[in-house]
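Note on naming: letters A, B, ... go to the chains in the order of the sequence lines (proteins, then strands), and numbering restarts at 1 for each one.
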2 protein chains.
Amino acid sequence: MEFPNTGDFLAGRLRDKLSQDDLEFIESLVAETRQGETGDVLLERGAVTEQSTILISGYIFRTIESGDRRFIVGVHVPGDFVDLHGFALKRLDHSIVAAGPITYGIAPHERLRDALEHRPRVARALWFATLLDAAIHRKWIQMLEQLDAPRRIAHIYCELHRRFELVGQANARSLRTPFTQIDLADMCGVSAIHANRAVGKLRELELAEIRRGDLYTSDWDALRTYAQFQADYLYGDGPLRFDQDWL
Amino acid sequence: MEFPNTGDFLAGRLRDKLSQDDLEFIESLVAETRQGETGDVLLERGAVTEQSTILISGYIFRTIESGDRRFIVGVHVPGDFVDLHGFALKRLDHSIVAAGPITYGIAPHERLRDALEHRPRVARALWFATLLDAAIHRKWIQMLEQLDAPRRIAHIYCELHRRFELVGQANARSLRTPFTQIDLADMCGVSAIHANRAVGKLRELELAEIRRGDLYTSDWDALRTYAQFQADYLYGDGPLRFDQDWL
DNA sequence: ACCGTCTACTGATGCATGTTAGCTTCAGGC
DNA sequence: GCCTGAAGCTAACATGCATCAGTAGACGGT
C-alpha cells in the first residue's frame with residue numbers, strides 16, 4: 001500500500017474547507033510520525049494521555065473489552081483524528097488499537113490547547129470532527145437495531161468506501177482492509193461463525209466477495225441498496241452536507 | 001411531576017464545575033421556555049435550525065425513521081443540551097422528539113456563537129457535553145453488540161438512573177418514565193412483542209417491575225450486575241471521572 | 001353507554017444467531 | 001520439505017427473536 005504524503009492528508013475531508021494558513025497550522029500540530037502493527041494498542045482505556053493521534057495510513061479500531069470478549073465500537077480511516085476527544089476527556093472510555101499496519105502522527109495536547117485559544121476556525125474544525133464521529137456512532141446504533149448480520153457487514157464496507165471517497169482514496173471495484181472475520185464479528189455483535197455465514201451470504205447473492213478483509217464488487221449500488229446504506233449521515237454532499245460557513 | 005426551577009437546572013452536571021459568572025451567562029442563553037407533549041417533534045431530521053434546546057423536565061428521544069420503522073438512537077434527561085450539535089452541523093441526521101410531557105428552553109445560535117468567541121470555558125463545557133453524548137453512543141453500540149433484550153432494557157434504566165443521580169434527581173427505589181413497551185423496543189432494536197417478554201423476564205427474575213414505563217426495584221445493584229452496567233463511561237466519579245481543570 | 005384506538009399481554013411457528021466440534025487452507029518459521 | 005498456528009469454513013443442535021394471530025384492559029371521543 002502506498003502511503004500518501006503526510007501533509008496532503010492531514011485535516012482529512014476538511015482539507016478543502018480551511019485556509020492555507022490554518023492548514024499549515026494543523027500540519028504543525030504533528031510533532032512526529034510513527035508506524036504500528038496489527039494489535040498495537042495506541043491508547044489503553046482509562047490511561048491518561050497528553051497527545052492525540054492522526055491516522056495517516058491503515059485502519060484503527062476503537063475497542064471495549066468486557067469479560068473475555070472484545071467489542072469494536074468504531075473504525076477510523078486515514079485523515080481521521082482518532083482520539084481527539086481524549087484531549088477533553090483526559091481518559092478514554094475505550095482503547096485505540098491498530099487494525100493492521102498503520103502510519104500515524106502524534107499531536108501533543110499542548111499544541112491543541114494553543115489552537116483552541118488562538119485559532120477559532122481550527123477549534124471549530126476539531127469540534128466538527130468529534131461531532132462527525134458521534135453521527136457515525138448513531139448510524140451504527142441504528143444499523144445494529146435494524147439490520148441482520150449480512151447487511152451489517154455490507155453497511156460497514158459501504159460506509160468505509162464512502163469515507164475513502166470523501167478523502168479522495170476510494171477504489172472503483174474494491175475496498176482493501178486487513179479485517180479478519182473475527183474483526184467483522186466484533187463490529188457487528190455476532191459470533192465469528194455467524195460472520196462467516198454472513199460473508200458467505202453476500203457471496204451467494206453475488207453482491208460482494210470478501211477475501212481476507214478485501215471486498216470486491218462489480219456493483220456498489222446494489223450493495224448499498226441491500227445494506228440500506230444512505231450516505232447523508234457522513235455530511236458529504238447532499239441534503240445534510242456540511243456548511244463550511246460555520247468554520 | 002414537579003418542574004425544577006429553570007435556573008437551578010441549566011448546565012446539568014457541569015453546574016458545579018463552572019463559575020457563577022459562566023453559569024449566569026449560560027442561563028442568559030435561554031431566550032424562552034416552552035412546554036411539549038408526547039410525540040412533539042422539536043426538530044425534524046434535515047431541517048435547518050437557528051436554535052438549540054435545553055431539556056428542563058421530562059424525556060426526549062433522538063430518533064431516525066427508516067422505511068416505516070422508527071429507531072431510537074439516544075435518550076435525554078433534564079439538564080441536557082439536546083441538539084447542541086445542530087449548532088455546528090446546521091442540519092441534524094436525526095429528529096428530536098418529546099417522549100412524554102416536557103419543559104424545555106430555547107437557546108438561539110446567535111448567543112451560542114457569542115459564547116464560542118468570548119467565553120472559552122463555556123465553549124469547552126459545550127464541547128464536553130457533545131463528547132459525553134458520543135461516549136454514551138459508544139456504550140449503546142457495545143450494549144447492542146453484547147446484551148440480549150432483557151439486559152438491554154435493564155441497562156437503559158440503569159444508565160438513566162445514574163444520569164439522574166449525576167444531576168441530583170435520582171429516586172432510591174424507582175425510576176419514572178413515560179416510555180411504552182414500543183419505545184423500549186425501538187431503543188433495543190427488538191420487536192414490541194419481544195420487549196414485552198423481556199419486561200416479563202425482568203419481573204420473573206424479581207430484578208425489576210416495569211409498569212407503564214415506571215421501573216420499581218428493591219435492589220439496583222442486582223439489576224446493574226444483571227445488565228453488566230458499569231457507570232464509568234458517564235464520566236462521573238471513579239477512574240474515568242471528568243477532569244474539571246480542563247474547563 | 002358505546003365505540004375505536006392504543007397498550008399490554010399470550011401462544012404457535014419459523015428464521016436468525018449462538019455454541020460446540022471438527023475440518024481445511026494458507027503463510028511463516030525452521 | 002515439514003511443522004505450526006491463525007484464519008476460514010462446515011455441520012448439528014440449542015436459543016433468541018420475529019412474525020402472525022388473537023385477547024384483554026385503559027382511555028378518549030361521541
- Please lay out, stage by stage, how B/Phe179 and B/Phe61 fare under the test ring-ring contact (aromatic ring centres under 6.0 Å, His included). CA-CA 10 Å; B/Phe179 305 158; B/Phe61 290 143; 5.3 Å; yes
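- Per the geometry, CG belonging to B/Asp183 stands 8 Å off P belonging to C/dT7, to the nearest Å.
- Between A/Arg211 atom CZ and D/dC9 atom C1' there is a gap of 15 Å when expressed in whole angstrom units.
- The pair A/Arg34-A/Asp40 fails the salt-bridge criterion, with no side-chain N (NZ, NE, NH1 or NH2) lying under 4.0 Å from an Asp/Glu carboxylate O.
- Distance CG (A/Asp214) to P (D/dA7): 15 Å, rounded to an integer number of Å.
- One atom, CD of B/Gln146, and another, C1' of D/dG16, lie 16 Å apart when rounded to the nearest Å.
- A salt bridge is defined here as a Lys NZ or Arg NE, NH1 or NH2 lying under 4.0 Å from an Asp or Glu carboxylate O, and B/Asp232 with B/Arg162 fails to meet this definition.
- Both tests hold for B/Arg151 against B/Tyr226: distance to the six-membered ring centre under 6.0 Å, angle to the ring axis within 45°.
- Atoms CG (B/Leu184) and P (D/dC17) sit 14 Å apart, rounded to a whole Å.
- Remark: C1' of D/dA26 and CD of B/Gln181 are 14 Å apart, rounded to the nearest angstrom.
- A salt bridge does not link B/Lys139 to A/Asp93: none of the charged side-chain nitrogens sits closer than 4.0 Å to a carboxylate oxygen.
- Proximity of the aromatic rings of A/Tyr59 and A/Phe164 is defined here by a centroid distance below 6.0 angstrom, and this criterion is met.
- Atom pair A/Leu202:CG and D/dG8:P shows a separation of 14 Å (rounding to whole Å applied).
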Nucleotide by nucleotide, nucleotides 10-20 of chain C touches protein heavy atoms under 4.0 Å in the pattern (B base, S sugar-phosphate only, - none) BBB----BBBB
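- Qualifying side chain to side chain contact (heavy atoms under 4.5 Å, CB included) partners for B/Arg197, counting only residues two or more places apart in sequence or in other chains: B/Ile193, B/His194.
- The shortest distance between the side-chain N/O atoms of A/Arg203 and the OP1/OP2 oxygens of D/dC9 is below 4.0 Å.
- In this structure, B/Ile210 atom CD1 and C/dT7 atom P are separated by 16 Å, rounded to whole Å.
- Under the 4.0 Å criterion applied to side-chain N and carboxylate O atoms, A/Asp221 and A/Arg224 are assigned as salt-bridge partners.
- Each end of the helix from C/dA1-D/dT30 to C/dC30-D/dG1 gets its own axis from five base pairs, and the two axes differ in direction by 40°, given to 10 degrees.
- Using the six-membered ring where Trp is involved, B/His94 and B/His85 have ring planes that are parallel, under 30° apart on the 30 and 60° scheme.
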